[in-house]
Structures are given as structure tokens and as C-alpha cells.
Amino acid sequence: MQKIKRIGVFTSGGDAPGMNACIRSVVRTALYNNTQVSGILQGYQGMIDNQFIEMNSRSVSNIIQLGGTILKTARCSEFRTVEGRKKAYDNIKAAGIDALVGIGGDGTFTGIEVFSREYDIPVIGIPGTIDNDLYGSDFTLGFDTACNTVIEAIDKIRDTAASHDRLFFVEVMGRDSGCIALNTGIAGGAEAILMPEKETAIDDLIERLEGAVAGKKTSTIVIIAEGDQNGGAYNIAKHVKTKFDFYDTKVTILGHLQRGGSPSSFDRVLASRLGFSAVNLLLAGETRRVVGLKGNEIQHVPIEESINNKAFKLAPDMIELSHILAI
Ligand code: F6P
């Protein structure tokens, strides 16, 4: 087993609340085990551009509560090339880095999977994305915080919708996953939730809204996952308006608001546990694993399994109750 003297830690892809808490955990767990840490700035781009910073215990002070990532992040197309990865490898070797911890989504995991296969460097992936769309962990870093941010917005919209008897369409992130939409739709008491995993035709939505009107509801909120097949909140609102011309309809796209903010206690603890586990796995000689939470246990799966498996995390009871509780 190769002795790991220095770990490189990086964040890649979309930033997510909890990434800083995770960086802190990786750094302090490594130092506790007499292992040095290099922070790699801007993910794979930083590996190619030779952007490394020495991390000590003070480097990660007062960041556990910060959203975003102090190591910055980027989406790096050059790393998809053999030449790009060669440059990256030469730079990390020159920096004395023996192993990598990558915090990000499936794009990040795909990168370290290829890199470790080409250069036999030990790697561990940590699921960090607000979308909660990764296999191998019940929750990804940032999902809980993003949901809390969304329901804060829904509650505010509810106030004005109820005051004006309006119909609001609220679009949330999630890429191809409806996790944010379903969880916040239930937590926000939405009348309808549209998500890519469960197609809803606009006619079915209209039928549902007719039920709300018949039920004497004077204000209504519809949550729409950005990946829903009906083409987004504005398009859906336009169609619904043709049927409900008496209804004052409004559209709110929450956008990148969902990516920022101080991480929740759940995300801070999850980040701390995943960072701790990732370093201990590397020092125990493990490689090409993705750590995650299963129930309340920290587990790890082969990185290929995490990349090649689609995570379906919409519990059937949640889909069913989202309809019933909106009556
Ligand atoms: O993956 C996180 C995410 O926020 C998705 O929910 C969203 O579709 C995408 O990233 C937005 O990407 P960008 O920040 O590059 O616009």
C-alpha cells in the first residue's frame, strides 16, 4: 500500500452549501493523521493551471458556516482531454500530492474515475450538489440547505399570493431530478408539484387547479422542477392562463438563490462525517470509492456504481401524499 503523505482536496461543478464544512473536515482529519493537505483551486482547472495552496488547521477556521466554496469551483472541459489530464497529473505530482478527494457531482466523479484509472492515483468522491441526484447517498451535500432556502421563498410567496388571491408558478433547480421540487412542494404546502420523474400533462394540472377553485381555494402555488417536461414555469403559466383567464397568475424562477446560503446543521454534520470518512478510507488504502449516507450510516460504494446508476429518490408515499395533502 502506497503511503499517502499529501492529499489534494478540490471542489468541482456547481457549488453547494456544506462544501466548506467538508473541506474543513478533510483538512483537519488529514492533519490529525499527520498527512499534509493541498487545496486545489477551481477544481480540475486548478490542477491544469497549477493552482495549489497549502492547507493548515487555521486555513479552515470560521468556514463551517459559509456557503459556497473557499477553493472555488469550475466546469473544466480541458480535463476531458488526455492532454489536459496529463498536464494535471504532472502538476499534482510536482506538488507532491499522492491522493485526491473530489467534492462534487457525477461530472466530478467521472473525472476522478478516468484520472485514477489512467494514473493509478488513489481517489475518493464526496457527493456535493444541491440536486440530490447521485447514487450511493440518500442525501448529497447542499440539498437540505437548498430545500430550506426554497421553502423560505415559498412561505413569502404564499403571503402575497393569499393577499392578492393569485396563482403562482415557482420554478426550482434540480437539473434532471425532482428531489428539490417534491420535498419543497410538500414542505411548502404546494397545490401541485411537477417533476421530471413523474410526467404531468398540463391538462392534468388544469384539472387539479379546477379542483382547487371548486374547493374554494383563492390562492394557489404550483412548484415546477426545472427538468419537468412541460418546458418550464413561463410556458406552463402561459398555457394555464388560457384556461383560467380570471386568475391573476405570476411566475417566480428561484434560480441561483438556491445554491447559496449558510449550510443547515444537517449539511454541516453530513459534510463533517463525509470528509472524515473520505480521508480515513484513503489512509486505509481504499480508492475509487464514493462515500455517502444510508439511513444514518456512512457507507461507500465503487465510483463506477455511483456514476453508472441513476438515483431515483422520490419515495412513492411522498408523491402520493403530495396530491392528497393539497386538497
Ligand atoms: O447542479 C447544480 C445546479 O444548480 C442545477 O440545479 C442547475 O441546473 C445547474 O447547476 C445550473 O448550472 P450553472 O450554475 O452552471 O448555471
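Remember, it's 1-based here, ligands and their atoms both numbered in the order they're listed. Residue indices begin at 1 and follow the sequence shown.
Among the atoms of M173, none of the N or O lies under 3.5 angstrom from an N or O of ligand 1.
Heavy-atom contacts from other residues, nucleotides or ligands closer than 6.0 Å to CD of Q65 number more than 12.
Scanning the protein heavy atoms around atom 7 (C) of ligand 1, the nearest turns out to be E226 OE2, 3.3 Å. In terms of protein heavy-atom proximity, atom 10 (O) of ligand 1 is closest to R175 NH2, 3.1 Å. Protein heavy atom nearest atom 3 (C) of ligand 1, with residue, atom name and distance: R259 NH1, 3.5 Å. If you check which protein heavy atom lies closest to atom 6 (O) of ligand 1, you get D131 OD1, 2.7 Å. Atom 12 (O) of ligand 1 has R75 NH2, 3.2 Å as its closest protein atom, hydrogens excluded (heavy atom only).
Relative orientation of the Y247 and F244 rings is tilted, given thresholds of 30° and 60° on the angle between their planes.
Atoms of ligand 1 lying under 4.0 Å from any heavy atom of H256, numbered from 1 in the order shown and given with element: 13 (P), 14 (O), 16 (O). Residue T129 has at least one heavy-atom neighbour below 4.0 Å for each of these atoms of ligand 1: 1 (O).
Between G174 and ligand 1 there is a heavy-atom distance shorter than 4.0 Å.
Residue-level proximity to ligand 1 for Q258 is absent, since no heavy atom of it falls below 4.0 angstrom.
In this structure a side-chain-to-backbone donor-acceptor pair under 3.5 Å is missing from S177 to D133.
A salt bridge links K87 with E78: the closest approach of a Lys/Arg side-chain nitrogen to an acidic carboxylate oxygen falls below 4.0 angstrom. The existence of a salt bridge linking D245 and K241 is excluded, since no basic side-chain nitrogen approaches an acidic carboxylate oxygen closer than 4.0 Å.
In the model, D144 has a side-chain atom that pairs as donor or acceptor with a side-chain atom of S264 under 3.5 Å.
Checked against the 6.0 Å centroid threshold, F115 and F79 count as a close aromatic pair.
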